[in-house]
Protein chains: 2
Amino acid sequence: MRIEVLRIGQRAVRDDRVTTHAALVARAFGAERIFMEEVNPQVRDTLADVSSTWGGGFEVELIDSWRALLRSKKGSASIVHLTMYGETIDAAIGSLRRKEKILAVVGAGKVPRDVYELADYNVSIGGQPHSEISALAVFLDRLQEGRQLSKGYGDARRKVLPMRRGKHVLEGEPE
Amino acid sequence: MRIEVLRIGQRAVRDDRVTTHAALVARAFGAERIFMEEVNPQVRDTLADVSSTWGGGFEVELIDSWRALLRSKKGSASIVHLTMYGETIDAAIGSLRRKEKILAVVGAGKVPRDVYELADYNVSIGGQPHSEISALAVFLDRLQEGRQLSKGYGDARRKVLPMRRGKHVLEGEPE
């Protein structure tokens with residue numbers, strides 16, 4: 001399965017840290033890239049630094065129009081809009097696990113109505129307000145049944161060795 | 001199972017939105033309260049507004065010292081520190097599901113060493129950097145095996161009816 005993420009509606013500066021967290025989640029939970037409109041260059045820099053250290057080929061791709069992107073993906077990927085108003089993840093996840101390509105769409109705050117129309121699926125991670133970061137994480141975790149957490153990242157200069165107390169980090173040149 | 005969350009290390013203003021998201025996740029994923037040190041009053045106000053509209057008795061509790069709080073909880077709750085350096089969630093989750101009380105601890109950025117010592121469990125949601133918001137969400141989702149998403153919230157003035165397209169919100173006075 002190939003996974004991409006589209007984030008729409010962020011406002012530069014005010015949302016920079018939340019945007020960075022959303023991009024880090026996309027990377028750490030198995031997506032290949034995140035598409036975003038206007039964004040502080042620091043967000044891209046942070047993600048490039050993380051990939052340089054921790055490996056993998058994750059991309060932050062800046063786009064001019066999320067509508068154009070959604071239209072271009074329509075038909076080739078299953079577009080899954082995460083929203084507290086959608087059908088429950090329990091209802092949707094079975095068929096989504098069988099897809100080859102997923103484009104997960106998360107919005108910062110209120111999302112224009114046509115996102116609901118352009119999406120193939122509108123899926124809720126519960127009907128309570130929380131965060132696009134948590135919605136994305138739980139969706140990707142359930143979509144891949146947790147397998148993304150043990151995935152390796154190529155060309156990593158740093159790796160964690162899980163342990164019960166303290167930190168064990170393997171440092172070195174990429175293999 | 002009773003669940004509380006402790007967030008440590010946030011910096012006022014810079015982290016306000018991330019702090020708000022972390023608190024919203026705690027509420028939406030079944031915790032009773034979140035403990036935090038100094039925080040912008042807006043964070044509490046936002047959570048009070050959300051609970052007033054969407055129901056439930058979630059509390060944001062300001063504390064003077066997270067160390068004192070951890071010491072006071074030691075022995076009565078299982079203290080689970082979420083960190084990318086900990087043992088894997090797959091290894092830990094089985095025994096954690098059998099606990100009566102959980103205190104989940106999340107840090108903003110680098111966490112002082114004694115958190116690792118005071119915790120009963122240091123648990124990683126993958127060994128890649130992401131976000132305390134996503135770590136908390138995935139941990140609580142797996143801990144409760146998703147049941148938190150269908151939990152009702154008492155005295156709600158607003159409820160979502162899940163649907164595939166569009167929004168269906170039930171409005172009214174609390175029952």
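Only this structure's heavy atoms are used, side chains among them; waters, hydrogens and symmetry mates stay out. Below, read A as the first sequence line, B as the second, and so on, with proteins coming before strands; counting in each chain starts at 1.
Using a 4.5 Å cut-off between heavy atoms, A:V50 touches chain B through its side chain atoms alone. The contact between B:R27 and chain A is made entirely by side chain atoms (from C-beta outward), counting heavy-atom distances below 4.5 Å. With a threshold of 4.5 angstrom between heavy atoms, B:L136 does not approach chain A through any atom at all. Proximity to chain B (any heavy atom under 4.5 Å) is restricted, for A:V169, to the side chain, taken from C-beta onward. Proximity to chain A (any heavy atom under 4.5 Å) is shown, for B:R113, by neither the backbone nor the side chain.
Taking A:V123, A:T53, A:V25 one by one and counting their heavy-atom pairs under 4.5 Å with chain B, the maximum is reached by A:V25. Counting heavy-atom pairs under 4.5 Å between each of B:A26, B:A22, B:G166 and chain A puts B:G166 at the top. The most heavy-atom pairs under 4.5 Å with chain B, out of A:A119, A:A92, A:S131, come from A:S131. The greatest number of non-hydrogen atom pairs below 4.5 Å with chain B, out of A:H168, A:E117, A:R164, A:H81, is found for A:R164. Most heavy-atom pairs under 4.5 Å with chain A, from the set B:A91, B:G86, B:G146: that is B:G86. In terms of heavy-atom pairs under 4.5 angstrom with chain A, the leader among B:K151, B:R142, B:M84, B:R158 is B:R142. Between chain A and the residues B:P129, B:A137, B:S124, the largest count of heavy-atom pairs under 4.5 Å involves B:P129.
Side chains of A:D141 and A:Q148: a donor-acceptor N/O pair is present below 3.5 angstrom, by distance only.
Taking the six-membered ring where the residue is Trp, A:F29 and B:H130 present perpendicular rings, their angle passing 60° and hence far from 30°.
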Q. Given the rule in the salt bridge (charged side-chain N to carboxylate O under 4.0 Å, His left out) test, do A:R2 and A:E32 qualify, once you have shown the distances and angles that lead to the verdict?
A. CA-CA 7 Å; A:R2 302 183 60 180; A:E32 295 178 7; 2.9 Å; yes
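Checking A:E132, A:R7, A:Q42 one by one against A:T19, the side-chain hydrogen bond (donor to acceptor under 3.5 Å, both in side chains) holds for a single residue, A:R7.
A donor-acceptor pair is defined here as one N or O able to donate and one able to accept, closer than 3.5 Å; such a pair exists between the side chain of A:D120 and the backbone of A:I79.
Looking only at side-chain heavy atoms (C-beta outward), B:K99 and B:Y121 come within less than 4.5 Å of each other. Using a 4.5 Å cut-off on side-chain heavy atoms (C-beta onward), A:L6 and A:I34 make no contact.
Rounding to the nearest 0.5 Å gives a distance of 11.5 Å between OH of B:Y116 and CZ of A:R165.
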